[in-house]
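Everything below concerns the one structure shown next.
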Protein chains: 2
Amino acid sequence: MRNKPYLATVMNVQDTQQKIIEAAILVFNEDPSSPLEKVAEKALVTRRTLHRYFKDRNELVQLCEQDIRRNCRKGILAAMNSSSDALKQLEHMLYAGIDCGVKYSFFYKMHNMHDHQHHKANEACVEYDEIDACYKNIIKQLQQKRKISKHVTLEWVKILYNSIIIGTINAQVNHLVERKELKNFAWFSFSKGIGA
Amino acid sequence: MRNKPYLATVMNVQDTQQKIIEAAILVFNEDPSSPLEKVAEKALVTRRTLHRYFKDRNELVQLCEQDIRRNCRKGILAAMNSSSDALKQLEHMLYAGIDCGVKYSFFYKMHNMHDHQHHKANEACVEYDEIDACYKNIIKQLQQKRKISKHVTLEWVKILYNSIIIGTINAQVNHLVERKELKNFAWFSFSKGIGA
DNA sequence: GGTTTATTTCTCATATTTGAGACATTATTT
DNA sequence: AAATAATGTCTCAAATATGAGAAATAAACC
């Protein structure tokens, strides 16, 4: 009983598969054990179609995580290389995180929740560590140049950074504030918040 | 197949019920559709015991939400009344939020996620609005006294405030930073972040 | 317009989750 | 130490979620 049996815009195989992945990321980010029915609804397809594209729930989750990794990594690395000034790098990375949207929230959870087991054998973990190392490096540079308050530690800077990105993403998902202004607010508060 | 069939410390009815509620809040906060088995595990009871205390899943969720409302409301209102200085009020409210722990995260989601329908007929919503009105009032006072930067809006202050509280709570759940220092960091960054 | 491809609909088998009865086991109380 | 209360174990029925076959339907492509 679907209200719109066939959408005006039709898409090819890749598009449908990707559409389902995008929907799954949105749903699983808020409710990891959600029934697949909810994912199908969000993607505007039937559950039957979903099952044709993915062997089982696990495969769908794996592909979501892969998509997230690729997406976030790409955006963040591009931002890192966008400048040689550490503070500008940090600013652009913040914007890149916000641009990743819910994928960034998911990405962060994937590697920072208590149930996550960090393994050097896991390639995803290695990739994350790489980004983390670059990020830490930028913060340390700023600390040495006295651009960051002595009152805050490296760990707290990371927490604040991720809190603001994720909070901003939630705000724009829930339409709490003008989208365009959000990035400015986020950077203003983050930079002030670390005493920059 | 439980490793510790009977715990050394034994508790009465209220304690067991409350223990299950506390466990359920932790589990559902991260995974709302989680099987009840997970909740029972976290509470160190069998699923059978859980079902003796709660008619069904829905009742458990209701009682979790009720507990969260009571808890958060109490802490936040006490903090509000702890001073007549708006900035001190705000500071104490931030600490109160952090002290609520995961309950605060849940509380915030309950009333701010996109799937939440706000109704004036719902008593919980009215209660939340009450707190929200007080909070807004405090911010407005600070804005009038030029204690808050003109660059940020009331809505953004709320987003930042909740982002930092929730981020701080996650950090302490995942043992990322010394618990004692977290509150200081949180207030430092929030107050700077709004230009106070 | 006819062919091909993708999606829906309907259906069904299987797996998992849920909720509860009956009784054994452990704690608490007196 | 006997009675009482709470929890665990084992079991089972009902509900829900998962995954897939078969045929109908819609869209896309010559």
Side-chain angles (χ1 to χ4, degrees), chain A residues 1-67 106 113 115, chain B residues 1-67 106 113 115:
Chain A
M1 212 171 60
R2 323 216 322 81
N3 24 6
K4 274 196 178 180
Y6 289 94
L7 295 173
T9 57
V10 174
M11 29 189 57
N12 59 29
V13 175
Q14 277 95 342
D15 283 347
T16 303
Q17 173 151 10
Q18 189 59 32
K19 190 173 63 164
I20 294 171
I21 289 174
E22 301 288 338
I25 290 169
L26 291 177
V27 171
F28 291 151
N29 183 51
E30 290 187 0
D31 187 3
S33 296
S34 163
L36 298 177
E37 182 76 51
K38 295 276 176 64
V39 175
E41 272 174 33
K42 175 84 76 177
L44 297 177
V45 297
T46 56
R47 199 166 56 83
R48 187 68 192 85
T49 301
L50 187 153
H51 278 116
R52 225 177 254 114
Y53 282 97
F54 306 95
K55 189 173 73 62
D56 59 13
R57 183 192 189 88
N58 192 51
E59 184 175 284
L60 173 57
V61 172
Q62 296 302 321
L63 288 171
C64 285
E65 295 189 347
Q66 183 184 297
D67 178 277
F106 208 131
M113 288 307 253
D115 60 340
Chain B
M1 209 171 62
R2 325 214 320 84
N3 24 5
K4 274 196 177 181
Y6 288 92
L7 295 173
T9 58
V10 174
M11 27 190 58
N12 59 27
V13 175
Q14 277 93 343
D15 282 347
T16 303
Q17 174 152 8
Q18 189 60 30
K19 190 172 63 162
I20 295 171
I21 289 173
E22 301 288 339
I25 290 169
L26 290 177
V27 172
F28 291 151
N29 184 51
E30 290 187 0
D31 189 4
S33 296
S34 163
L36 297 178
E37 181 75 49
K38 295 276 175 65
V39 176
E41 272 175 33
K42 176 85 76 176
L44 298 176
V45 297
T46 56
R47 199 165 56 82
R48 188 67 191 85
T49 300
L50 187 153
H51 278 116
R52 250 186 225 108
Y53 283 97
F54 306 95
K55 190 171 73 63
D56 58 13
R57 183 193 190 88
N58 192 51
E59 184 174 284
L60 174 58
V61 172
Q62 298 300 322
L63 288 171
C64 285
E65 295 188 348
Q66 183 184 295
D67 178 277
F106 209 132
M113 288 308 254
D115 59 340

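Computation of the quantities below employed the complete heavy-atom set of this structure, encompassing side-chain atoms and omitting hydrogens, waters and symmetry-equivalent molecules. First the proteins, then the strands, lettered A, B, ... as listed; each starts at 1.
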Looking only at non-hydrogen atoms, find the nearest pair between [X] and [Y] and report the distance.
| X | Y | value |
| --- | --- | --- |
| A/Ile20 | A/Val39 | O-CG1, 4.0 Å |
| B/Leu50 | B/Leu36 | CD1-O, 3.9 Å |
| A/Gln17 | A/Phe54 | NE2-CE2, 3.7 Å |

With hydrogens left out and only the distance checked, is there a donor-acceptor pair under 3.5 Å joining [X]'s side chain and the base of [N]?
| X | N | answer |
| --- | --- | --- |
| B/Arg48 | C/dG21 | yes |
| A/Arg47 | C/dT8 | no |
| B/Arg52 | D/dG8 | yes |

Does the side chain of [X] get closer than 4.0 angstrom to OP1 or OP2 of [N] through an N or O atom?
| X | N | result |
| --- | --- | --- |
| A/Tyr53 | C/dT7 | yes |
| A/Thr49 | C/dT7 | no |
| A/Thr16 | C/dT7 | yes |

Could you state the interatomic distance from [atom1] ([X]) to [atom2] ([Y]), rounded to the nearest 0.5 Å?
| X | Y | atom1 | atom2 | value |
| --- | --- | --- | --- | --- |
| A/Thr46 | A/Glu37 | OG1 | CD | 9.0 Å |
| A/Lys55 | A/Leu60 | NZ | CG | 12.0 Å |
| A/His51 | A/Arg47 | NE2 | CZ | 5.5 Å |
| A/Glu65 | A/Phe106 | CD | CZ | 5.5 Å |

Atom [atom1] of [X] and atom [atom2] of [N]: how far apart are they, to the nearest Å?
| X | N | atom1 | atom2 | answer |
| --- | --- | --- | --- | --- |
| A/Leu50 | D/dA20 | CG | C1' | 13 Å |
| A/Leu44 | C/dT7 | CG | C1' | 13 Å |
| B/Glu41 | D/dG8 | CD | P | 13 Å |
| B/His51 | D/dA6 | NE2 | C1' | 17 Å |
| B/Gln17 | D/dA6 | CD | P | 12 Å |
| B/Leu60 | C/dT18 | CG | P | 11 Å |
| A/Lys19 | C/dT8 | NZ | C1' | 12 Å |
| A/Lys55 | D/dG19 | NZ | P | 8 Å |

Sequence neighbours left out, cut at 3.5 Å: what donor-acceptor pairs do the side chains of residues 21-33 of chain B make with other protein atoms?
| residue | atom | partner | partner atom | Å |
| --- | --- | --- | --- | --- |
| B/Glu22 | OE1 | B/Lys103 | NZ | 3.4 |
| B/Glu22 | OE2 | B/Gln18 | NE2 | 2.7 |
| B/Glu22 | OE2 | B/Lys103 | NZ | 3.1 |
| B/Asn29 | OD1 | B/Lys109 | NZ | 3.2 |
| B/Glu30 | OE2 | A/His114 | ND1 | 3.3 |
| B/Asp31 | OD1 | A/Ser33 | N | 3.0 |
| B/Asp31 | OD1 | A/Ser33 | OG | 3.2 |
| B/Asp31 | OD2 | A/Ser33 | OG | 2.5 |
| B/Ser33 | OG | A/Asp31 | OD1 | 3.2 |
| B/Ser33 | OG | A/Asp31 | OD2 | 2.5 |

Check each residue of residues 28-40 of chain B for a non-hydrogen atom within less than 4.0 Å of any atom in DNA chain C, then write out the ones that pass by number, or none.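 Those residues are B/Pro35, B/Leu36.
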
Please write out each protein N/O paired with an N/O of nucleotides 13-15 of chain D under 3.5 Å, distance rounded to 0.1 Å.
none

How is A/Arg57 classified with respect to the nucleic acid when contacts are heavy atoms under 4.0 Å: base, sugar-phosphate, or nothing?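 Contact class for A/Arg57: sugar-phosphate only.
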
